[in-house]
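These values consider heavy atoms only, across backbone and side chains, with no hydrogens, waters or symmetry-generated copies.
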Amino acid sequence: SGLAPALQAPKDDVNPALHEGGRTQTGGRGQSRLRWLLVATEVALSLALLVGSGLLIRSFDRLANVDRGFQSQNRVLFTVSLPNQTKPERVWQVVEQFRQRAQTLPEIISVAGSSSRLITGASTGMGIIPVGREGAFGKNIPWAQWRMITPGYLETIGVTLKKGRLFDAHDQIAKPWRVLISQRLATTLFQGSDPIGHQVALWAGQNIRPAEVIGVVGDMRERGLASDPILAVYIPQNGAGQTSVEFVAHTRGDAVQAIPRLRAVLAEVDPTLPLSDVQSIDHLVNSSLAPNRFRTVVLSVFGALALLLAVTGVYGVLAYSVSRRTPEFGLRLALGASPRSLLLMTVSQGMRPVIAGIVLGAGLASLLSSYLATLLFGIQELDWPTYGAVAVLVSITAFLACCLPALRATKVDPAVALRAE
């Protein structure tokens, strides 16, 4: 920005500048155009960055408020591991004793267990198709994630029951096979018809196990808030031989603060069992949003700084122009020009490069937005409300920056200006 005027200075002809008088005391038409070009460029860059940050802000808001299908507030995850080769009956006895005693604590609403941890747990999948309709899917067998759960698990994490019923203490794995499926999986398998009471083939393509669908539950965006809801199958944990149980507790206050009381309850059930790997679900959700939050903050800071530079440029160039054109303004006022007309003329001259910069910046922003498309959630890269809001913001800010030097021009004393001339 400093080099361009310096390179242009040797090319300027002194005589035309002297002949043009006060109107060209800003350095000649060439340098004046260069200054306004730089202002327009600043405005264009700031608008492009602000549009990008606006898109990310709106996307982050949509992502943070998307329906996750589960609740995170006042819920904590932890692991209880039993010795290997513990009999399934003993595992279930420990799980149920711990659950029942923990739920008597005043700060606990409910406690439940599962075979894999919510959000960060290992993804275990199975092929699943309706029994008798194998030919309808051919080789495109739906692939669903599955986990074994205790009664009360879905209620504890806030998943809603859509149809049928949930598991109770009488439901056991494979005695007989009964499952719950997510709503999205129900739509995929049964295409709108009621799945309750129908048989599905679990682990289709491997060792098929027919199971009755007893309930349909809400979908969860468990593999990322920006991802589609998972296709999910839930199986009773009662009777399973898994010795590592992932618990979730729903508390009335800060969930992590309840962990010492839960450890004490577990020690009453079996003092040899450890309670480990404590994580708040809120913390997990916020951690998943951290990259989006970082990108949004960084681009917003750059956009705000660019806007500040652009406004400073508008103000500086127009203030310089007004100071050098003081004799011209004095002559206009002496010849009968009103302060209002002088104000409008000055502001309109200052806003010309701003408007050009907004038009140029809109095109630049559309190019930038195409690169941001993969980072956006719930909005299009050409989101006109964002473009319009940013254009209005830049216009108003630049207008205010133009008003201060323009007001100074209306207060020129014609007599003083003419004597200076």
Side-chain angles (χ1 to χ4, degrees), residues 49-50 52-80 102 107-124 145 147 149 152-160 182 184 217-232 244-263 275-304 372-379 383 386:
L49 287 172
L50 286 171
S53 62
L55 291 173
L56 288 181
I57 288 172
R58 293 198 64 195
S59 174
F60 182 79
D61 180 68
R62 296 277 181 92
L63 187 62
N65 294 288
V66 70
D67 183 10
R68 297 173 294 204
F70 62 91
Q71 300 297 321
S72 61
Q73 186 176 16
N74 296 333
R75 288 166 171 86
V76 64
L77 304 169
F78 54 93
T79 304
V80 174
E107 60 265 50
I108 300 297
I109 297 175
S110 62
V111 176
S114 70
S115 58
S116 63
R117 175 161 292 206
L118 185 70
I119 302 174
T120 59
S123 176
T124 306
Q145 298 178 26
R147 60 161 48 98
I149 62 174
Y153 176 80
L154 296 172
E155 300 99 304
T156 302
I157 62 175
V159 176
T160 57
S182 65
R184 185 164 175 247
V217 299
D219 296 320
M220 289 197 299
R221 296 178 187 270
E222 192 179 346
R223 299 306 173 199
L225 299 183
S227 63
D228 292 331
I230 62 172
L231 303 177
S244 180
V245 183
E246 302 292 342
F247 282 95
V248 56
H250 182 197
T251 66
R252 290 185 170 85
D254 185 354
V256 177
Q257 297 297 323
I259 290 298
R261 297 292 302 275
L262 292 170
R263 278 201 173 97
L275 187 155
S276 61
D277 201 8
V278 177
Q279 288 182 305
S280 164
I281 298 183
D282 266 337
H283 174 72
L284 290 177
V285 172
N286 290 332
S287 297
S288 70
L289 292 173
N292 303 78
R293 185 184 295 109
F294 177 77
R295 287 190 293 263
T296 302
V297 170
V298 168
L299 196 56
S300 297
V301 169
F302 278 115
L372 292 177
T374 57
L375 304 178
L376 301 180
F377 176 81
I379 61 172
D383 184 62
T386 301

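Considering only residues two or more places apart in sequence or on other chains, R147 meets the salt bridge (charged side-chain N to carboxylate O under 4.0 Å, His left out) condition with E222. Annotation: side chain to side chain donor-acceptor pair (under 3.5 Å) contacts of D277 (sequence neighbours excluded): none. Residues satisfying the side chain to side chain donor-acceptor pair (under 3.5 Å) criterion with T156, sequence neighbours excluded, are S110. The side-chain contact (heavy atoms from CB on, under 4.5 Å) test applied to L77 returns R117, L118, V248, I281, L284, not counting sequence neighbours. Applying the salt bridge (charged side-chain N to carboxylate O under 4.0 Å, His left out) rule to R261 yields the partners E107; only residues at least two apart in sequence or on another chain are considered. With sequence neighbours excluded, no residue forms a side chain to side chain donor-acceptor pair (under 3.5 Å) with R221.
Counting all heavy atoms, side chain and backbone alike, V285 lies closest to S72 at CG2-CB, 4.1 Å. Considering every non-hydrogen atom in both P229 and D219, the closest pair reads CB-CB, 3.5 Å. In this structure, I157 and R75 approach most closely via the heavy-atom pair CA-NE, 3.8 Å. G113 approaches V245 most closely through the heavy-atom pair CA-CG1, 4.1 Å. Nearest approach of A304 to L50, heavy atoms of both residues: N-CD2, 4.0 Å. Across all their heavy atoms, V76 and A255 have their closest contact at CB-CB, 3.6 Å.
A donor atom on one side chain and an acceptor atom on the other are found under 3.5 Å apart for D61 and N65. In this model, no donor atom of one side chain and acceptor atom of the other lie less than 3.5 Å apart for T251 and N74.
The distance from the OG atom of S53 to the CZ atom of R58 is 12.5 Å, given to the nearest 0.5 Å. A distance of 5.0 Å separates CD1 in I379 from CG in L55, rounded to the nearest 0.5 Å. Rounded to the nearest 0.5 Å, atoms CD1 (I259) and CG (L275) are 5.5 Å apart. Expressed to the nearest 0.5 Å, how far CZ of R62 lies from CG of L225 amounts to 15.0 Å. Between atom CD of residue Q257 and atom CG of residue L262 there is a gap of 12.0 Å, rounded to the nearest 0.5 Å. Annotation: the span from N292 atom CG to L56 atom CG amounts to 8.5 Å, rounded to 0.5 Å.
At least one side-chain heavy atom of S244 sits under 4.5 Å from a side-chain heavy atom of T79. Side-chain contact between I109 and R252 is present, with heavy atoms from C-beta onward closer than 4.5 Å.
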When you look at H283 and V256, which way does the side-chain contact (heavy atoms from CB on, under 4.5 Å) test go after all the steps?
CA-CA 11 Å; H283 174 72; V256 177; over 6 Å; no

Kindly determine whether D228 and R184 satisfy side-chain contact (heavy atoms from CB on, under 4.5 Å), including the steps that lead there.
CA-CA 10 Å; D228 292 331; R184 185 164 175 247; 4.2 Å; yes

Is there a side-chain contact (heavy atoms from CB on, under 4.5 Å) between I57 and S300 once you walk through the steps?
CA-CA 8 Å; I57 288 172; S300 297; 3.6 Å; yes

side-chain contact (heavy atoms from CB on, under 4.5 Å) evaluation trace for S59 with L375
CA-CA 8 Å; S59 174; L375 304 178; over 6 Å; no

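A distance-only check finds no donor-acceptor pair linking the side chain of R68 to the backbone of M220 [under 3.5 Å].
Under a cut-off of 6.0 angstrom, the local environment of CZ in F377 is crowded, with over 12 non-hydrogen atoms contributed by other residues, nucleotides or ligands.
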